[in-house]
Amino acid sequence: MDYIRDYSLVFIFFVLPIIFVIQPLFLNKINDFENHIDLSSLKRKKRLLYRQIKELEMEFDIGNINQKDFETSRKELKVEVSEVITKINANKI
Amino acid sequence: MTPIAGAVALNLAFGFSILSIICLFIFTLNEDKRLFLTGQRLSLGISFFVFLATFILWYQLIISNFDIDYVARYTSIETPFIYKISALWAGQSGSLLFWLFILSIFATITVLQNQSKHHGLMPWVIISLSIIQLFFLILTNFVTNPFMPTDADFVVANGNGLNPLLQNVTMAIHPPTLYLGYVGFSVPFAFAISALMNRDTSTLWIQSIRRWTLVAWLFLSSGIILGGWWAYQELGWGGYWAWDPVENASFMPWLTATAFLHSIIIQEKKDMLRIWNMALIILTFTLCIFGTFLTRSGVMSSVHSFTASSLGPIFLIFVFLILIVSFSLMYLRRSELRSEKRMESFTSRESGFLFNNLVFVVMCFAVFWGTLFPVISETIRGTKITVGPPFFNQINVPIGLILLALTGVGPLLAWRNTSKQSLIKNFTFPILSGLIAAIIFLFIGFKGSVVISFSLSVFVLATISTEFKRGISARTKKFKESIFKALFEMVSKNRSRYGGYIVHVGIVFMFVGFTGHAFDKEKEFSLTKGQSDHVAGYEFTLLKLSETERPNHYAWISDIRVTDNKGEYVTNLYPEKRIYFHKNPDVNRRQPHSELDIYSTLNKDIYSIFSAVDNENGVAFIKIMVNPLVRWVWIGGYILVIGTMIALWPRKD
């Protein structure tokens, strides 16, 4: 019985991890990688830009930036967001 | 689990780390995703085998398998269970395995968390992490293997046991916390290297690692505070910070990491300081490795060096490699790192942040120089010059006070430029508060840096409360919310900002505690039963001197009654004199240890040390220290942790 237990442990702890690691090498070539990459990073960028706009509004409300800087910065951020959204839509299609 | 399985697991992890680096490097050349997936899984495989090896060593420590040299050196049959667990990081090979274990946890989280994002950055992130793992795997496989069998040609019946200084609950927590901090900076460093390799030096890598950096900073800060707490509770010299090389080793990366946490805000918001941020995170990680080197190499004499070894040169080579490779990469990418934006005004938040960064780095350099000077002087001139606390205090107290002032100034400055009217409006209340406080403290009789420190603390607290007030009133006006709802919404929607302010409150409290050191009093005396002595207006009377035998030591316990100058009862203190390994027939291997007792209040600590005992005549040699405001340091530490947790708390979006 000890024999079986030892071999089972060796299989679970040493052989299975090796199989898990080399398994992707036997897959067919994967092609949708780039699209997937772009979309996830673009969505993340969009979320971060929205957050930056909210923070900017907060800074303005408490008086840390003046009206002129607030408007310029918000405009820049909004242009950036719309560019990202356009890219996301293009990628979805 | 046999120990051989642990050694094999480390061998396999070593092999996997090399394969992971090769697979992912080829992927960066041919972009065959199968290689990326294999490299990713190899990275998970490294971590799996490291986990396996660590759990096997832990199991061997618990079952007291003294056939393994490490187990025999750092535990004994009498060692309590918790210290058998903490023995993993008591010695050199175990602590290096533990470093690797934590790094593997972080590497696994990084890989799993980024399976569907940052595909551009991830290959080099994993390569960088695997290289760091490879370094520690080389050490644990070939230099100091924790699974080495004992040299003895007989059955080892019992081990040496753990150093008594390490038999303390704080010491069971402090090293892992510190290691979590040290190792945590591997992830931001890996992202920085990846950004350089990918020529993507925009804000993306900064945004990816902000949370990681905060987590690592939280652990490093907690580790440092816990270390101070341990020193205060256990070492018996009445302080919590001695500018010891190993303490400095943890403080240096903390300084650069704190600077980094501030300057990445500038890069995120203004896309400035790209080169500076890159340099800061590289320095922080390098200082973390350097810190491990200082702790583990034995090159410095320190109360914290529980091991001495020949690992120094290997660590130094690794430190230099990191610096050479990272800064060469930065040089090669200098055109991408150049920011088009410039500081527009001296009175802007950007310049406030930059100035604070410079002060942090200057302080780090001062600590670095003071720490290494004895080694450098010994190498060059052959004579060791000791650089002690007076040097560090002389240099760092003024720098620390400048930093404290900047903590207050920064939030009051506007982005890009602060108008004259805003400067007057924002600074009037905090400056007035600070000045009034200074006058009151001078009137009380305080002098010099004590007055400056206390008044700056008031100034910073006034600044922070102003910031909260401005935020709340903006919300109450805009959304017609009640004050409490506005406060809650404001903090929960701007967690990093207000969490940061709460951290600043913690820092202020800690400064208050540090300043209390100026009023410390101490006295040593001997007492027999019924005798009394006086320190700082308190009377100390020895009521009883008893002795007892516990599983891993023998103890003399003093019972000291403390009364104040009006004769009113304050507390009873029970400091102990202990002898560890008291059953060991070899008298030289028995270890004496003073277990302190501390009566702590917000105002002051009464710190008692049972230095020695004259058993025949029933005399206890006692040292008493009255340390004002020490508790504020620990309260500040708690607030710092709470503030960082708020900043870290995930958003719904």
Side-chain angles (χ1 to χ4, degrees), chain A residues 2 5-6 9-10 12-70 72-73 76-77 80 84, chain B residues 1-2 5 8-9 12 16 19-20 23 31-45 48-49 52 116-121 203-204 207-208 268-269 349 411-419 422 425-426 467 469-475 477-478 490 493-494 496-497 651 653:
Chain A
D2 281 356
R5 189 201 63 190
D6 287 352
L9 285 174
V10 168
I12 291 166
F13 286 114
F14 294 101
V15 181
L16 272 184
I18 292 170
I19 295 171
F20 168 75
V21 162
I22 59 169
Q23 183 261 341
L25 291 174
F26 299 97
L27 294 173
N28 290 327
K29 220 170 177 175
I30 301 157
N31 297 319
D32 67 331
F33 197 40
E34 284 305 318
N35 280 340
H36 185 67
I37 296 166
D38 283 338
L39 205 58
S40 66
S41 55
L42 285 170
K43 281 180 178 170
R44 187 176 162 76
K45 197 168 181 186
K46 185 184 83 173
R47 213 166 50 238
L48 290 167
L49 284 167
Y50 276 139
R51 198 182 291 172
Q52 279 192 358
I53 292 174
K54 277 188 183 171
E55 282 172 4
L56 185 73
E57 285 170 351
M58 159 99 186
E59 295 282 358
F60 177 66
D61 288 339
I62 60 174
N64 274 343
I65 46 171
N66 61 38
Q67 181 87 30
K68 194 181 150 209
D69 285 348
F70 170 65
T72 319
S73 303
E76 281 170 9
L77 285 169
E80 220 176 317
V84 173
Chain B
M1 292 279 187
T2 54
V8 172
L12 281 169
F16 272 33
L19 289 174
S20 169
C23 266
E31 300 204 340
D32 181 347
K33 202 202 167 186
R34 292 173 298 181
L35 284 173
F36 174 70
L37 286 178
T38 308
Q40 211 178 36
R41 289 190 182 192
L42 279 163
S43 166
L44 293 173
F48 173 79
F49 287 122
L52 189 62
S116 58
K117 53 185 177 185
H118 302 314
H119 283 89
L121 292 171
T203 55
L204 186 68
Q207 286 153 352
S208 319
E268 265 192 299
K269 289 200 190 286
R349 192 171 285 193
L412 299 176
L413 297 172
W415 291 106
R416 288 180 81 170
N417 184 25
T418 315
S419 66
S422 296
K425 190 184 102 187
N426 295 347
E467 272 294 289
K469 187 182 152 282
R470 283 162 71 193
I472 291 169
S473 61
R475 279 200 75 89
K477 267 186 210 156
K478 194 172 179 180
M490 180 182 80
K493 288 195 168 138
N494 301 278
S496 52
R497 182 197 185 98
R651 290 163 181 257
D653 63 351

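Chain naming here is simple, since letters A, B, ... match the order of the sequence lines and numbering starts at 1 in each.
Here the straight-line distance linking atom CD1 of A/Ile22 with atom CG of B/Leu19 works out to 11.0 Å at 0.5 Å rounding. For the atom pair B/Ser496 OG and A/Arg51 CZ, the distance stands at 8.0 Å (nearest 0.5 Å). The structure places CD1 of B/Ile472 at 11.0 Å from CD1 of A/Ile62, a figure rounded to the nearest 0.5 Å. Taken from CZ in B/Arg41 to CD in A/Gln23, the straight-line distance is 4.5 Å, to the nearest 0.5 Å.
For the residue pair B/Thr38 and A/Val21, the shortest heavy atom distance occurs at CG2-O, 3.5 Å.
You'll find the side chain of A/Phe14 reaches within 4.5 Å of the side chain of B/Phe49, heavy atoms only.
In this structure, chain A has no heavy atom under 4.5 Å from any part of B/Arg475. No part of B/Gln40 comes within reach of chain A, as not one of its non-hydrogen atoms sits under 4.5 angstrom from that chain. With a 4.5 angstrom heavy-atom cutoff, B/Leu42 touches chain A via backbone and side-chain atoms both. At a 4.5 Å heavy-atom cutoff, the contact between A/Leu48 and chain B is made by side-chain atoms alone.
Remark: the backbone N or O of B/Glu268 is paired with a side-chain donor or acceptor of A/Gln52 at under 3.5 angstrom.
For B/Lys478, the NZ atom is densely surrounded, since the number of other residues' heavy atoms within 6.0 Å is greater than 12.
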Given side chain to side chain contact (heavy atoms under 4.5 Å, CB included), test A/Met58 with B/Met490 step by step and report yes or no. CA-CA 9 Å; A/Met58 159 99 186; B/Met490 180 182 80; 4.0 Å; yes
